[in-house]
Each structure stands twice: as C-alpha cells, then as structure tokens.
Amino acid sequence: MIIIKSEKEIEIMRTAAKVTAEVLVELENFIKPGMSTADIDKFVEDYIVGKGMYPTFKNLYGFPASACISVNEEIVHGIPSKDRILVEGDIVSVDVGSTYEGYVSDAARTYPVGKISKEAQKLIDVAKSSFFAGLEFCREGYRLSDVSHAIQVEVESNGFGVIRDYTGHGVGRNLHEDPKIPNYGKPGKGPRLQRGMTLAIEPMITQGSYETEVLLNDWTVVTLDGKLSAHYENTVLITDGEPELLTM
C-alpha cells in the first residue's frame, strides 16, 4: 500500500532530510585517499547524532554500520571497515539516512577519491543525470514506470547498464515502503503519482553488465563482471507542481 503523507509528516521528513543532505555535502571535502571506509562511517554517524537524529541504517535488518559504503565494483550495501583503505582513483558510493521523530530520509552519492579516470567520472555524472531525467516525470498524473523508463533511457544512451536486482522505493515511517521503483522498464505502467507521495529515487548503474552477486558477508552487492558501479539517490516529494527534493 502506498502511504500518502500529511503536511505534518512531510514537515518532519523535511527536517530529517536536511541533515541527510548536509552530511552528503560535507563528505565532498572529507573523502580522501588513505582513509578507511570506517572513517567515513564514523564521520556520518557523528554528524547525524550531533544534529539530534539517529542514523537510519544502524542495526536496520542487522546492518552493522551507520552508512552503506560501496567501493568501485560494489553497487550497494558495502560494510564499512578499518581495513578497507581508499586509494587514488577509487570511486566510493555512500548511502545514508537520518531518522527524526520516527520518520526517515534516504539519499546517496558517489564520490571520486582523488583524481579518477574520465570513464569513472562519466559514470558518476550519468548516475546523477539519470536521476534528474527520472525527476522530470515525478509529477502528479504520470505513472511510476514513466520515471523508470526515463532513467533507463538516459543511462543506456550513454553506454552504461542499469542494475535490475535493486530498486528505489517509497519512504516514510519505514525506510522501505511501497512502491518499488525500478530504474528500467516501459513507460505508462504502474500507479499514477499523487501529491503527498514520498519516494526514494535511486539509479544504480554500471560500466558493464547489470548482473550482480552478493558477497559472503550477505550484504555487499557487486557487479558480476567486476566493473565499476555508481549510485545517486534523493528522497523526493510529489506535489501539485514541481517535485520537491527533500535531500538537496
């Protein structure tokens, strides 16, 4: 069931989303070669807790950290570690959420670590541009798959692949609510968008095949062919006009 949010609920989500947006901006200058993914996780947790909120992902479904931190071929759900040291040329995706008064926000970015290749930068850029291609259809009256289709077209027209096994989702009191939001598909399908919907739109794209596998830790998802992956996500509010990006 898709849950339509009240104005009071939306205002609480705006507060939570502001902190999620802030920490992602702070990471732009924080992430550097030589640090561990555990260093990033600590930064995220300290920032969110310092704002009087709870890191949404911590202990959720048993996840052992405050942020999902995925490096290079890792798509999502990377577990931070003191032993995973970032080096020049890596790309790192950070997926975070803040919970405030029982409501959740969710967003992700992929960052360069030092100087990266032109190909890696293009992958990051297209993950972002595909989100905004989908955002054009985040308006009342469009169908959910119109968003999905726009994302797929932008990604594939740039020569990249769209992950099939993991999707965006509704968000609110729970991190994962209805509806599931694939990043591919034919237009004109699924429920019509309505004002008050809050959606986590999150393209996950790859340099190669969209096939995936889960590592032995039962969390980290990687590209089967070992090629790079990038992730871009925001919590989006459907209004009676332009969509509102809560996490920007």
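Scope of the values below: all heavy atoms of this structure, side chains included, with no hydrogens, waters or symmetry mates. Quick caveat, the model's predicted, so the values are computed rather than measured.
Partner of Ile75 under the side-chain contact (heavy atoms from CB on, under 4.5 Å) criterion, chosen from Val222, Val221, Ile205, Thr220: Val221. Partner of Arg195 under the salt bridge (charged side-chain N to carboxylate O under 4.0 Å, His left out) criterion, out of Glu140, Glu242, Glu7: Glu140 alone.
Here Lys58 pairs with Glu45 under the salt bridge (charged side-chain N to carboxylate O under 4.0 Å, His left out) rule; sequence neighbours left out.
Taking the six-membered ring where the residue is Trp, His176 and Tyr61 present parallel rings, their angle staying beneath 30° rather than reaching 60°. Note on ring orientation: taking the six-membered ring where Trp is involved, the planes of Tyr142 and Phe137 are perpendicular (angle over 60°, cut-offs 30° and 60°).
Side chains of Ser209 and Asp225: no donor on one and acceptor on the other come within 3.5 Å. If you check the side chains of Asp165 and Thr212, you find a donor sitting under 3.5 Å from an acceptor. Using modelled atom types and a 3.5 Å distance limit, the side chains of Ser105 and Thr20 yield a donor-acceptor pair. When only modelled atom types and interatomic distance are considered, Glu202 and His231 share a side-chain donor-acceptor pair under 3.5 Å. Between the side chains of Tyr47 and Glu22, at least one donor N or O lies within less than 3.5 Å of an accepting N or O.
Between the Ser145 side chain and the Lys186 main chain, a donor and an acceptor come within less than 3.5 Å of each other. Put simply, the side chain of Thr223 gets close to the backbone of Lys227: a donor and an acceptor are under 3.5 Å apart.
Applying the side-chain hydrogen bond (donor to acceptor under 3.5 Å, both in side chains) test to residues at least two apart or on different chains, the pairs with a partner in residues 75-87 are Glu74-Arg84.
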